[in-house]
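This chain uses plain numbering: 1 for the first residue, then up along the sequence.
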Amino acid sequence: MNKKRMFQGGILVGLSLALVLGVLLLQKKNLQDSTGYTPDLSTEYLVTQYPDATGVQAEFYTIENDDTFLIIDGGWVENESAVRKVIAEHGGVVDAWIITHPHKDHAGAFNAILANPDGIVIRQIYDNGFDYDFIMTVGEPYDDITIMENYYALTKDLPNVTHLKRGDELTICGLTFSIYNAFDDTVLANIGDELDYQNNASLLFKVSSANSSMLFCSDIKYDMDTYLLSNYGEQIACDYVQTGHHGNWSFSEEFYEKTGASVFFFDAPAGITENPDFPASNFKDSLEAQNKTVLDFSTAPNTVTLK
């Protein structure tokens, strides 16, 4: 009799868990994005911007639908637990992880997770093809070079790493990725006196679904503005933009106007985007004066839909 009750109790617990999971899935499917649109994740993709556990600027995005889950960067090493939690909520499998460049506010959490996956599966890794030997020779004026060293040591022998190149167009998880900037001689030829190779060689890419697209500008700064605008100005039209270098010291207004985007993401807290000491503040004000939607860490997680 006790065994029967235990069996029946087990069934009830299982049904309860199934019901809870079903409700959560239904809620997720009916969840509106930050523009008020309700995505259909059987045919569309949800892009999510997350804040960083450090409370400062960083970059951590996910792109998902019913079948796939991608990560872009991940933030500081202190954001590791937050990234692990998001991955766990998606079944512990990352179909593709894109590292725009190996700086600590972009690759720190990734390094920590790759060094100790603890059950997490990362199927494919993509990066900006940085030249390890070159950076080790010229140095790193804007970041902790050990982040790049650790990333290189962890990934250099992995068979599932792809080094993206300028001009690449590839399909990742059903989405088209068009690569407009990566580490190459073009970047070296355009670098200014600051010698900020890593930021300016970070990935510029457009992610396109059937009916919409988002441009990711990573941490590219003004050094590359003239070249990228003149060479890709007709290709960067999109619906959404992740602004370069957290909205600071990045592209010209002409570059962003060329995108024609309606929603702009700033990967920074209000302490930057609303602080007149930072260019991001004036940039945000300018966009809002044009009736553009501006999303930053003050309202994150923020979401838009690739339709």
Side-chain angles (χ1 to χ4, degrees), residues 47-64 68-133 135-136 139-164 172-173 182-183 196-199 201-203 205 216 218-219 242 245-246 265 267-269 272 296-297 300-302:
V47 181
T48 304
Q49 175 204 47
Y50 297 89
D52 199 90
T54 62
V56 298
Q57 67 180 35
E59 185 172 341
F60 174 28
Y61 287 82
T62 62
I63 305 177
E64 65 182 289
T68 59
F69 176 62
L70 295 78
I71 295 179
I72 299 171
D73 288 342
W76 299 74
V77 66
E78 292 87 351
N79 206 44
E80 175 189 356
S81 294
V83 177
R84 285 186 183 275
K85 180 180 178 182
V86 171
I87 295 172
E89 291 169 350
H90 291 81
V93 176
V94 182
D95 293 294
W97 200 320
I98 300 168
I99 299 297
T100 63
H101 63 300
H103 271 179
K104 55 190 175 184
D105 55 336
H106 294 257
F110 170 85
N111 283 354
I113 291 171
L114 189 61
N116 178 26
D118 194 22
I120 290 174
V121 174
I122 304 171
R123 289 179 172 158
Q124 295 293 327
I125 299 169
Y126 299 85
D127 64 31
N128 69 326
F130 65 94
D131 187 328
Y132 175 81
D133 293 330
I135 297 299
M136 290 301 293
E140 170 55 82
Y142 285 96
D143 205 84
D144 179 1
I145 202 168
T146 61
I147 295 297
M148 183 196 71
E149 292 180 288
N150 291 341
Y151 176 86
Y152 180 76
L154 289 164
T155 62
K156 64 184 178 70
D157 296 321
L158 295 181
N160 62 334
V161 178
T162 298
H163 306 302
L164 296 171
I172 303 175
C173 297
F183 200 115
D196 194 356
Y197 298 103
Q198 288 276 54
N199 279 327
S202 58
L203 292 173
F205 61 95
F216 285 85
S218 308
D219 267 9
Q242 176 256 328
H245 204 251
H246 314 275
F265 289 84
D267 299 313
I272 289 177
D296 62 20
F297 288 175
N302 299 305

Could you check if a side-chain atom of [X] sits within less than 4.5 angstrom of a side-chain atom of [Y], using non-hydrogen atoms only?
{"X": "Val93", "Y": "Phe69", "answer": "no"}
{"X": "Ile98", "Y": "Phe216", "answer": "no"}
{"X": "Asp133", "Y": "Asp131", "answer": "yes"}
{"X": "Val83", "Y": "Phe60", "answer": "yes"}
{"X": "Ile135", "Y": "Tyr152", "answer": "no"}
{"X": "Gln198", "Y": "Tyr142", "answer": "no"}

Return the minimal non-hydrogen interatomic distance between [X] and [Y], and the atom names on each side.
{"X": "Pro301", "Y": "Tyr50", "answer": "CB-CD2, 4.2 Å"}
{"X": "Leu203", "Y": "Ala182", "answer": "CD2-CB, 4.1 Å"}
{"X": "Phe297", "Y": "Ala58", "answer": "CZ-O, 3.5 Å"}
{"X": "Tyr132", "Y": "Met148", "answer": "CD1-CE, 3.6 Å"}

Hey, could you give me each pair passing salt bridge (charged side-chain N to carboxylate O under 4.0 Å, His left out) that has a residue in [range]? Not counting sequence neighbours.
{"range": "residues 141-153", "value": "none"}
{"range": "residues 152-161", "value": "none"}
{"range": "residues 90-103", "value": "Asp95-Arg123"}

(message) Once rounded to the nearest 0.5 Å, what's the spacing between atom CD1 of Ile87 and atom CH2 of Trp97?
(response)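 Here the rounded value is 4.0 Å.
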(message) If I take atom CD1 from residue Ile99 and atom OG from residue Ser218, how far apart are they, to the nearest 0.5 angstrom?
(response)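 Rounded to the nearest 0.5 Å, the CD1-OG separation comes to 10.5 Å.
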(request) State which residues pass side-chain hydrogen bond (donor to acceptor under 3.5 Å, both in side chains) with Asp127; sequence neighbours excluded, sorted by chain then number. (result)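 With sequence neighbours excluded, Asp127 shows a side-chain hydrogen bond (donor to acceptor under 3.5 Å, both in side chains) to Tyr151, His163, given in chain and number order.
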(request) Would you check if there is a donor-acceptor pair between the side chains of Tyr61 and Asp267 at a distance under 3.5 Å? (result)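 Yes, because at least one side-chain N or O of Asp267 sits under 3.5 Å from a partner of the opposite role on Tyr61.
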(request) For Asp52 and Asn79, indicate whether the former's side chain and the latter's backbone hold a donor-acceptor pair under 3.5 Å. (result)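 Side chain of Asp52 to backbone of Asn79: no pair is present.
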Pair up each side-chain donor or acceptor in residues 100-110 with any protein partner under 3.5 Å, not counting sequence neighbours, and list the distances.
{"from": "Thr100", "atom 1": "OG1", "to": "Asp73", "atom 2": "OD1", "distance (Å)": "3.3"}
{"from": "Thr100", "atom 1": "OG1", "to": "Asp73", "atom 2": "OD2", "distance (Å)": "2.8"}
{"from": "His101", "atom 1": "NE2", "to": "His103", "atom 2": "ND1", "distance (Å)": "3.4"}
{"from": "His101", "atom 1": "NE2", "to": "Asn199", "atom 2": "OD1", "distance (Å)": "3.3"}
{"from": "His101", "atom 1": "NE2", "to": "Asp219", "atom 2": "OD2", "distance (Å)": "3.3"}
{"from": "His103", "atom 1": "ND1", "to": "Asn199", "atom 2": "OD1", "distance (Å)": "3.1"}
{"from": "His103", "atom 1": "NE2", "to": "Glu140", "atom 2": "OE1", "distance (Å)": "3.0"}
{"from": "Asp105", "atom 1": "OD2", "to": "His246", "atom 2": "NE2", "distance (Å)": "3.3"}
{"from": "His106", "atom 1": "ND1", "to": "Glu59", "atom 2": "OE1", "distance (Å)": "3.3"}
{"from": "His106", "atom 1": "ND1", "to": "Asp73", "atom 2": "OD2", "distance (Å)": "2.7"}
{"from": "His106", "atom 1": "NE2", "to": "Asp219", "atom 2": "OD1", "distance (Å)": "3.3"}
{"from": "His106", "atom 1": "NE2", "to": "Asp219", "atom 2": "OD2", "distance (Å)": "2.9"}

(request) Check each of Val86, Val94, Ile125 against Ile71 using the side chain to side chain contact (heavy atoms under 4.5 Å, CB included) test, and report the only one that passes. (result)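 Among Val86, Val94, Ile125, the one meeting side chain to side chain contact (heavy atoms under 4.5 Å, CB included) with Ile71 is Val94.
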Would you list the atom pairs, donor with acceptor, under 3.5 Å between side chains in residues 111-122 and any protein atom, with sequence neighbours excluded?
{"from": "Asn111", "atom 1": "ND2", "to": "Ile147", "atom 2": "O", "distance (Å)": "3.2"}

